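Below: one structure, written as structure tokens.
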Amino acid sequence: MPIKRLAIAILAATLSLAAIAVAQGEVVVNPAISTMTNDQLVEMRQAHMKENGGILRGAAQLTGADAVAAATTLLQNFTDFPALFKEGSITDKSGAKPEIWTNWEDFKARFDKDSAAAQAMLVAATAGDTAGYTAAIQEIGGSCGGCHQAYRGR
């Protein structure tokens, strides 16, 4: 199966897992990540980053089930990110700096913080709390640039 089709299949599985996990009150790392090659890891993390950017650009206009779905996807993606950065998973298509692995605790803490914000976003979206939902979007959006500045080479 070509890498692009595999990535799409994995992304679909991720979204299904996210829906199940949120329904059960827990979010777990997509188990398919553990068997991915470096090329697949890079492709999936780039797809997650693009997806997150798209969601964050339009999230403030979402309400109801759409807001819940956006927050659920962000939560799953941020939960998956540390596993997608397996040590040494740099390819010619990766923009990741080696500092990710030498500063792993800081790098992972950034995703943990964003996961907590995405969880708060989900809780707010579920409750119809527009102020809390918007605050969580702003918190996540504010952290993206700092992480990219520190850990993205291009």
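Counting from 1, the numbers follow the sequence of the chain as shown. The model shown is predicted, which means the values in this text are computed figures rather than measured ones.
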Using 0.5 Å steps for rounding, measure from the [atom1] atom of [X] to the [atom2] atom of [Y].
| X | Y | atom1 | atom2 | result |
| --- | --- | --- | --- | --- |
| Glu26 | Thr79 | CD | OG1 | 11.0 Å |
| Ser94 | Asp39 | OG | CG | 10.0 Å |
| Glu139 | Lys113 | CD | NZ | 5.0 Å |
| Leu41 | Ile33 | CG | CD1 | 7.5 Å |
| Leu75 | Leu122 | CG | CG | 6.5 Å |
| Gln61 | Ile137 | CD | CD1 | 8.0 Å |

Taking all non-hydrogen atoms of both residues into account, name the closest pair between [X] and [Y] and its distance.
| X | Y | result |
| --- | --- | --- |
| Leu62 | Gly58 | CG-O, 3.6 Å |
| Asn38 | Ser89 | OD1-CB, 3.5 Å |
| Ala120 | Ala136 | C-CB, 4.4 Å |
| Met121 | Ala59 | CE-CB, 4.0 Å |

As a quick check of understanding, evaluate side chain to side chain contact (heavy atoms under 4.5 Å, CB included) for Val27 and Ser115, giving each step before the final call. CA-CA 10 Å; Val27 180; Ser115 290; over 6 Å; no
Quick check against the 3.5 Å criterion: does [X] have a side-chain atom that pairs as donor or acceptor with the backbone of [Y]?
| X | Y | answer |
| --- | --- | --- |
| Gln76 | Val28 | yes |
| Gln138 | Ala135 | no |
| Thr134 | Ala131 | no |
| Arg45 | Leu84 | yes |
| Asn103 | Asp106 | no |
| Glu51 | Leu74 | no |

Quick one: which of Phe85, Phe78, Phe81 gives a ring pair (Phe, Tyr, Trp, His ring centres under 6.0 Å) with His48? Phe81
When you group the ILVMFWY residues by side-chain heavy-atom contacts below 4.5 Å and let the links chain together, are Val29 and Trp104 in the same group? yes
Say whether Ile100 and Ile90 are linked into one hydrophobic cluster, either directly or through other cluster members, by side-chain heavy-atom distances under 4.5 angstrom. yes
Does the distance from a Lys or Arg side-chain N to an Asp or Glu carboxylate O, for Arg110 and Asp114, drop under 4.0 Å? no
Taking the side chain as every heavy atom from C-beta outward, state whether [X] and [Y] have any atom pair closer than 4.5 Å.
| X | Y | answer |
| --- | --- | --- |
| Pro82 | Phe107 | no |
| His148 | Met49 | yes |
| Met36 | Met44 | yes |

Side chains of Asp80 and Asn30: donor-acceptor distance under 3.5 Å anywhere? no
